[in-house]
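In what follows, a structure is listed as structure tokens, so that the remarks can point back to it.
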Amino acid sequence: MQNLSELKEFLLTPLPVVIIPHQKPDADALGSCVGLAGVLTQLGHQVRVVSPSDYPEFLDWMTSETEVHIYQNKPVECQKLIDEAKLLVLLDFSETNRIKPIAFEKLNIEQKTSLLLDHHIGKTIEATFEHWTVKAAATAELVYELIDMLGLKHLITKNIAESLYAGMMTDTGSFKHPSTNSKVHRIVAELIDLGMDSSKVHRLIYDNNSIDRMRLLGFALAERMVVLPESQTAYFTLSQQDLKRFNFRNGDSEGLVNYGLSIKGISVAAIFIEYSDEIRISFRSVGNFSVADLARKYFKGGGHKNASGGHSSESLNDTVQKFLDLLKAYQPEILANIAD
Ligand code: 5GP
Ligand code: MN
């Protein structure tokens, strides 16, 4: 970070701070918010997390010491908090369209001091202070680094350490993605030394499923997965009816797409979910084939080379058909990638 000393100085005076993660925050987005909020609160700031939309129930444990407001549920109150904030912190996103239902202009970012930490491709937002690199495995890693650079590691409590760990664990696919370098392991080692219980976090995140969610997983694998060996691709579709049948809750489809990639010989996986207002898509790949480009060019989305997402306002069938047409065009690229 270039102007670190300026940020240090700025943080000396207690201020109202609002921290914003991306819409439908995952463990990295929310864990980063909780981690930074915990440290800034101890410095005397009045810190609120304003999440654009709700977060999955299995992340509830993180937020016991953090004031989290959901913009979607209380837009007027949340807007007031944003307007009154003297510092806006944007975590785990850097594109203006990632905080729906908040309109980015409503942040009035040019008139405020802002801090942005993110690791996604395609940054379009400019903040006063930035720590942005696509090389980071998780935004939680960048939050840890910032806390370290500010000389505030001693303020990392057990809950903060566990929230940051949850972000790093999930964004690295439990430390298996290529982004899992030695720095990631070093930070995790430090977090363990600070008292966090990695095994407990694992169980809280991965062994906390509802029966409905497990049944949805079984159903999706048996009935809603299509495998196209000729394109080294597997994809899932879930209709509104499917979701209703399994009492779908936010977060229930988290990680489902990865089962596609776990099939031998498959290097691209996708899932198309029919929500009431739009189709949400997740893409995953292994190797050099960039699903971030695919999501950005054709599905109003973005993300990382190997993990991206997007959405579509067309029907479920039309969206899948568009994907299948694209697959034909990209087939040589996908197959070449694996040959490497
Ligand atoms: P997921 O499939 O887990 O929802 O998202 C995978 C990655 O793609 C995440 O890093 C997420 O931030 C990014 N992503 C998901 N949906 C969108 C989207 O609509 N727009 C952009 N720019 N990125 C997305
Ligand atoms: Mn992330």
Side-chain angles (χ1 to χ4, degrees), residues 20-36 51-53 55-56 58-59 90-102 104 116-125 131-145 163-175 177 179-180 184 187 205 235-236 238 250-261 268-273 275 277-286 290-313 319 323:
I20 304 175
H22 59 72
Q23 59 193 203
K24 296 198 173 114
D26 53 11
D28 186 35
L30 193 66
S32 295
C33 290
V34 167
L36 194 59
S51 175
S53 52
Y55 56 86
F58 66 83
L59 297 178
L90 313 184
L91 294 185
D92 204 32
F93 73 95
S94 47
E95 283 183 277
T96 54
N97 61 0
R98 291 288 287 144
I99 50 171
K100 277 182 260 162
I102 308 177
F104 185 73
L116 178 150
L117 308 183
D118 183 41
H119 66 138
H120 290 95
I121 304 171
K123 174 175 163 309
T124 54
I125 300 171
H131 189 23
W132 173 83
T133 165
V134 297
K135 289 195 187 120
T139 297
E141 174 185 333
L142 300 176
V143 170
Y144 178 89
E145 279 183 347
S163 302
L164 295 178
Y165 177 75
M168 294 176 71
M169 177 184 82
T170 51
D171 263 31
T172 55
S174 296
F175 308 104
H177 296 331
S179 57
T180 316
V184 168
I187 293 175
I205 301 259
Y235 70 92
F236 298 88
L238 291 174
N250 234 342
D252 278 359
S253 60
E254 194 78 26
L256 189 50
V257 63
N258 298 314
Y259 284 92
L261 269 196
V268 177
I271 186 165
F272 301 85
I273 304 179
Y275 286 94
D277 54 340
E278 63 177 7
I279 310 295
R280 294 265 344 145
I281 312 159
S282 290
F283 295 110
R284 299 290 185 271
S285 67
V286 283
S290 171
V291 284
D293 290 349
L294 190 73
R296 192 170 41 241
K297 280 190 198 148
Y298 305 104
F299 297 99
K300 297 183 269 188
H304 313 279
K305 186 175 78 176
N306 296 131
S308 69
H311 51 107
S312 155
S313 39
T319 308
F323 172 66

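It should be emphasised that the depicted structure is a prediction, and the values quoted were computed from it without experimental measurement. Note that ligands are numbered from 1 as they come in the structure, with each ligand's atoms numbered from 1 the same way.
Protein heavy atom in closest approach to atom 7 (C) of ligand 1: A307 O, 3.4 Å. Looking from atom 9 (C) of ligand 1 to the surrounding protein, the closest heavy atom is H120 NE2, 3.8 Å.
Selection from H304, E278, E95, R98 by nearest heavy atom to atom 11 (C) of ligand 1 gives R98. Scanning G301, G302, A292 for the heavy atom closest to atom 24 (C) of ligand 1 points to G302.
Distances from the Mn ion (ligand 2) to each N, O or S atom of D92 single out OD1 as the nearest. Closest approach between the Mn ion (ligand 2) and any N/O/S atom of D28 involves OD2.
Between F323 and F283, the ring-plane angle classifies as tilted under the 30° and 60° cut-offs.
At under 3.5 Å, a nitrogen or oxygen of G309, whether backbone or side chain, sits near a nitrogen or oxygen of ligand 1. Close N/O approach between S282 and ligand 1 is found [any backbone or side-chain N/O within under 3.5 Å]. Ligand 1 has no N or O atom lying under 3.5 Å from any N or O atom of H311, backbone or side chain.
With hydrogens and angles disregarded, no donor-acceptor distance shorter than 3.5 Å links the side chain of S312 to the backbone of F299. The closest donor-acceptor contact from the side chain of T139 to the backbone of L91 lies at 3.5 Å or more, if one exists at all. Listed for the H311 side chain is a donor-acceptor partner under 3.5 Å among the backbone atoms of K300.
Contact annotation: for R296 versus ligand 1, there are no heavy atoms closer than 4.0 Å. Residue contacts with ligand 1, taken as heavy atom pairs separated by less than 4.0 Å, involve R284 solely via side-chain atoms from C-beta onward.
Exactly one residue among H131, H119, K135, M168 makes a side chain to side chain contact (heavy atoms under 4.5 Å, CB included) with E141. That residue is M168.
The atoms of ligand 1 that sit less than 4.0 Å from any heavy atom of G303 are 8 (O), 13 (C), 23 (N). Against a heavy-atom cut-off of under 4.0 Å, G310 is close to the following atoms of ligand 1: 16 (N), 19 (O).
Note on ligand 1: R280 sits in its first shell, one or more heavy atoms being nearer than 4.0 Å.
In this structure the side chain of S290 never reaches within 4.5 angstrom of the side chain of S285, judged on heavy atoms.
To the nearest 0.5 angstrom, T170 atom OG1 is 8.0 Å from L59 atom CG. In this structure, CG in D28 is found 9.0 Å from CG in L164, a value given to the nearest 0.5 Å.
The Mn ion (ligand 2) forms the vertex of an angle spanning OD2 of D171 and NE2 of H119; to the nearest 10 degrees it equals 90°.
Between Y259 and F236, the ring center distance fails the sub-6.0 Å criterion.
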